[in-house]
K.L.:
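For reference, the structure I am asking about is given below.
Heavy-atom basis, side chains included; hydrogens, waters and symmetry copies ignored.
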Amino acid sequence: MTEAHYIVLLCASLFGGEAERTHTFDYPGGEAAIRVDCENDRRVVEVGLDKRSSLDSLQQVLFAAEITGKEPVVVLIDTDGIFGRFEWRIARAANIAGVSIIILPAELVDDPTG
């Protein structure tokens, strides 16, 4: 499954939120926008797979939290059953930044009935 599939599956069911919300912001050079993977009344959530591409999850969710005033949460999907180098790096950085992190086995999300 792709990251987008996990976002759709988890956002409403786990967080009671809306997937792929867009927010605009001003910066010294003009205006731009970000898209938040999942957002509810209290939290912004960045969902990523246990791959190198998810290393920016923490930066994305921290920036989204700044823009929205909501609590940041990172969700990592463990696709290989190993707490590997990318999960380690993201979890350590999230702990240092005080950001909640949830690591879910892909099988649990793919088939929640087991």
K.L.:
Looking at every non-hydrogen atom in both residues, tell me the closest pair between Glu87 and Ile82 and how far apart they are.
P.N.:
OE2-O, 2.9 Å

K.L.:
In Å and rounded to the nearest 0.5 Å, what is the CZ to OG1 distance from Arg42 to Thr68?
P.N.:
13.0 Å

K.L.:
What are the two closest heavy atoms between Leu49 and Leu76, and how far apart are they?
P.N.:
O-CD2, 4.1 Å

K.L.:
Measure across His5 and Thr2 and return the closest heavy-atom pair with its distance rounded to 0.1 Å.
P.N.:
ND1-OG1, 2.6 Å

K.L.:
If the test is side chain to side chain contact (heavy atoms under 4.5 Å, CB included), which one of Leu58, Val36, Val99, Val45 qualifies with Pro72?
P.N.:
Val99

K.L.:
Between Val74 and Trp88, is there shared hydrophobic-cluster membership here, with clusters defined by ILVMFWY side-chain heavy atoms closer than 4.5 Å?
P.N.:
yes

K.L.:
Do the side chains of Asp78 and Leu104 get nearer than 4.5 Å, heavy atoms only?
P.N.:
no

K.L.:
Are Glu39 and His23 packed together at the side-chain level, in the sense that at least one heavy-atom pair is separated by less than 4.5 angstrom?
P.N.:
yes

K.L.:
Assess whether side chain to side chain contact (heavy atoms under 4.5 Å, CB included) is satisfied between Glu31 and Phe25, documenting all intermediate values.
P.N.:
CA-CA 6 Å; Glu31 184 179 273; Phe25 63 94; over 6 Å; no

K.L.:
Keeping the roles fixed (side chain from Asn40, backbone from Phe15), state whether a donor-acceptor pair exists under 3.5 Å.
P.N.:
yes

K.L.:
How far apart are the closest heavy atoms of Cys11 and Ala19, and which atoms are they?
P.N.:
SG-N, 3.5 Å

K.L.:
Mind listing the closest non-hydrogen atom pair of Val44 and Val61 along with its distance?
P.N.:
O-CG2, 3.4 Å

K.L.:
For the residue pair Leu62 and Ala97, what are the closest heavy atoms and their distance?
P.N.:
CD1-CB, 4.3 Å

K.L.:
Is there a side-chain contact between Met1 and Tyr6 in this structure, where contact means two heavy atoms from C-beta onward sitting under 4.5 Å apart?
P.N.:
yes

K.L.:
Please say yes or no: joined through hydrophobic side-chain contacts below 4.5 Å, possibly via intermediate residues, are Ile102 and Leu9 part of one cluster?
P.N.:
yes

K.L.:
Is any side-chain heavy atom of Glu71 closer than 4.5 Å to one of Arg43?
P.N.:
yes

K.L.:
Are side-chain heavy atoms of Ile90 and Leu55 found at a separation under 4.5 Å?
P.N.:
yes

K.L.:
Cluster question for you: counting only ILVMFWY and a side-chain heavy-atom cut-off of under 4.5 Å, with indirect links fine, are Val73 and Ile103 together?
P.N.:
no

K.L.:
Any donor and acceptor pair, going by atom type alone, linking the side chain of Asp37 with main-chain N or O of Ile7 inside 3.5 Å?
P.N.:
no

K.L.:
Would a 4.5 Å heavy-atom cut-off, applied to side chains only, mark Arg35 and Arg21 as touching?
P.N.:
no

K.L.:
Decide whether Phe63 and Ile101 are clustered together by the hydrophobic rule: side chain heavy atoms of Ile, Leu, Val, Met, Phe, Trp, Tyr closer than 4.5 Å, transitively.
P.N.:
yes

K.L.:
I need the Gln60 CD to Ser54 OG distance, nearest 0.5 Å.
P.N.:
8.5 Å

K.L.:
In Å, rounded to the nearest 0.5 Å, how long is the span from NZ of Lys51 to OG of Ser57?
P.N.:
13.0 Å

K.L.:
Mark yes when over 12 heavy atoms from residues, nucleotides or ligands other than Glu66 sit less than 6.0 Å from its CD; otherwise mark no.
P.N.:
no

